[in-house]
Amino acid sequence: GYSNILHTLILSGGISNNGSYRNVLLKRTGFDDIFVDLYDFFIFGDASSNLSLKSGDSIVVSSTTHNIPIVGAVSRPSIYEFLPGETTADLLGFAGGLTQYSNNKSILLSRKKNNLPELINVSDDLSIAIVQNDRIYIGFSEYQPNIYSIASNNKFISNFVEISGEVKRPGRYFI
């Protein structure tokens with residue numbers, strides 16, 4: 001009782017690398033099939049797609065080859081599944097959008113043309129539809145340090161704390 005699609009998928013070991021998160025089918029005797037897009041839940045937090053199950057229901061996870069990597073200055077770089085007609089803007093939305101470190105004039109789409117990779121700068125037109133084997137790269141802006149002026153009669157803070165272990169930026173930090 002009280003099982004839903006996500007509980008059942010977790011109990012089954014999850015969706016495989018070739019499985020679709022965007023095309024999950026709930027089959028219920030006497031009713032039309034219900035197609036579920038799990039991105040509604042995972043990315044947009046819409047729990048209405050996580051339907052409750054009844055005895056006799058079947059869940060069918062389709063396979064997919066419509067995956068695209070998004071790398072660079074986005075909040076969640078990863079491999080995302082896309083549906084036909086979805087655009088660069090849609091995929092950037094799945095990735096959480098550009099970070100503060102992104103160069104919003106360096107959004108590149110890599111696409112094969114005549115079996116050769118071609119880089120297309122889509123910074124000014126994110127409405128380009130994604131196709132199989134595309135790749136999206138978001139460039140980082142150059143680091144611009146903050147500049148602080150300290151008068152010669154002020155003492156600079158000289159105490160520091162050292163951070164080590166499983167952190168992204170170990171080192172000494174002045175406090």
Side-chain angles (χ1 to χ4, degrees), residues 3-26 34-53 59-113 117-146 161 163-171 173:
S3 291
N4 58 41
I5 290 176
L6 288 178
H7 289 147
T8 306
L9 290 172
I10 290 167
L11 286 172
S12 71
I15 295 176
S16 73
N17 289 340
N18 296 328
S20 174
Y21 285 81
R22 313 283 315 269
N23 192 10
V24 177
L25 178 66
L26 173 62
I34 301 169
F35 288 93
V36 177
D37 183 346
L38 293 177
Y39 273 26
D40 291 341
F41 181 76
F42 290 132
I43 294 177
F44 303 113
D46 181 1
S48 66
S49 61
N50 191 17
L51 302 170
S52 295
L53 300 177
I59 297 173
V60 179
V61 177
S62 302
S63 62
T64 186
T65 57
H66 291 89
N67 295 316
I68 180 171
I70 301 178
V71 297
V74 291
S75 296
R76 295 184 301 263
S78 190
I79 297 174
Y80 292 92
E81 184 177 350
F82 67 93
L83 298 176
E86 288 184 324
T87 66
T88 307
D90 295 325
L91 275 285
L92 289 175
F94 298 159
L98 305 178
T99 69
Q100 63 183 350
Y101 306 109
S102 68
N103 178 349
N104 61 1
K105 293 297 178 191
S106 180
I107 302 172
L108 303 175
L109 179 67
S110 173
R111 178 172 283 174
K112 285 191 177 181
K113 185 176 182 181
E118 173 185 38
L119 282 179
I120 306 165
N121 190 328
V122 296
S123 303
D124 294 326
D125 184 10
L126 298 178
S127 66
I128 295 174
I130 299 298
V131 297
Q132 192 170 352
N133 296 319
D134 278 357
R135 310 278 186 266
I136 297 177
Y137 304 94
I138 294 84
F140 287 89
S141 61
E142 290 187 32
Y143 176 69
Q144 299 293 326
N146 293 326
V161 62
I163 300 175
S164 62
E166 295 300 318
V167 294
K168 289 185 177 184
R169 293 179 191 90
Y173 293 88

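Fair warning: this is a prediction, and the values are worked out from it, not measured in the lab.
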Spatial distance of atom CD1 (I34) from atom CG (L26) [nearest 0.5 Å]
5.0 Å
Could you tell me whether the side chain of E86 reaches within less than 4.5 Å of the side chain of L91, counting heavy atoms only?
yes
Might you work through the side chain to side chain donor-acceptor pair (under 3.5 Å) test for S123 and N121, ending with a clear yes or no?
CA-CA 6 Å; S123 303; N121 190 328; 2.6 Å; yes
Are the side chains of L25 and F35 in touch, meaning some heavy atoms are under 4.5 Å apart?
yes
A side-chain contact here means heavy atoms from C-beta on lying under 4.5 Å apart; do V131 and D134 qualify?
yes
Do the side chains of I43 and R76 get nearer than 4.5 Å, heavy atoms only?
yes
Heavy atoms, side chains only, cut-off 4.5 Å: are L126 and T87 in contact?
no
Could you check whether the rings of F44 and F94 sit parallel, tilted or perpendicular, using 30° and 60° as the cut-offs?
perpendicular
d(I130 CD1, N67 CG) to nearest 0.5 Å is 12.5 Å
Could you tell me whether the side chain of N50 and the main chain of L6 form a donor-acceptor pair under 3.5 Å?
yes
Closest non-hydrogen atoms of P69 and R135, given as atom of the first, atom of the second and distance, are CG-CD, 2.9 Å
For S48 and L51, which heavy atoms make the closest approach, and how far apart are they?
O-CD2, 3.3 Å
Just wondering, do P77 and I70 contact through their side chains at under 4.5 Å, heavy atoms?
no
Can you tell me if S62 uses its side chain to pair, donor with acceptor, with the backbone of N23 under 3.5 Å?
yes
Is the number of heavy atoms from other residues, nucleotides or ligands within 6.0 Å of OH (Y101) greater than 12?
no
Considering non-hydrogen atoms only, spot the tightest contact between F140 and G72 and give its length.
CZ-C, 3.6 Å
Residues K113, I120; criterion side chain to side chain contact (heavy atoms under 4.5 Å, CB included); working and verdict:
CA-CA 11 Å; K113 185 176 182 181; I120 306 165; over 6 Å; no
So OG of S127 and CG of D90: to nearest 0.5 Å the spacing works out to 10.0 Å
Before you tell me yes or no, could you show the steps for N104 and S102 under side chain to side chain donor-acceptor pair (under 3.5 Å), namely the whole-Å CA-CA distance, both residues' side-chain angles and the distance that decides it to 0.1 Å?
CA-CA 6 Å; N104 61 1; S102 68; over 6 Å; no
Could you tell me if the side chain of E118 sits less than 4.5 Å from the side chain of L109, heavy atoms only?
no
NE2 of H7 to OG of S52, rounded to nearest 0.5 Å, is 9.5 Å
Quick one: closest heavy-atom pair of Y21 and E81, and the distance?
N-OE1, 2.8 Å
Would you mind reporting whether I163 and P170 have side-chain heavy atoms less than 4.5 Å apart?
no
Testing L92, N103, L108, T99 for side-chain contact (heavy atoms from CB on, under 4.5 Å) with I138, which one passes?
L92
Please round to the nearest 0.5 Å and tell me the distance separating atom OG1 of T88 and atom CD1 of I136.
5.0 Å
Return the CG to CZ distance between L83 and R22, rounded to the nearest 0.5 Å.
3.5 Å
Identify the two heavy atoms, one from G96 and one from S75, that lie closest to each other, and give their separation to 0.1 Å.
O-OG, 3.3 Å
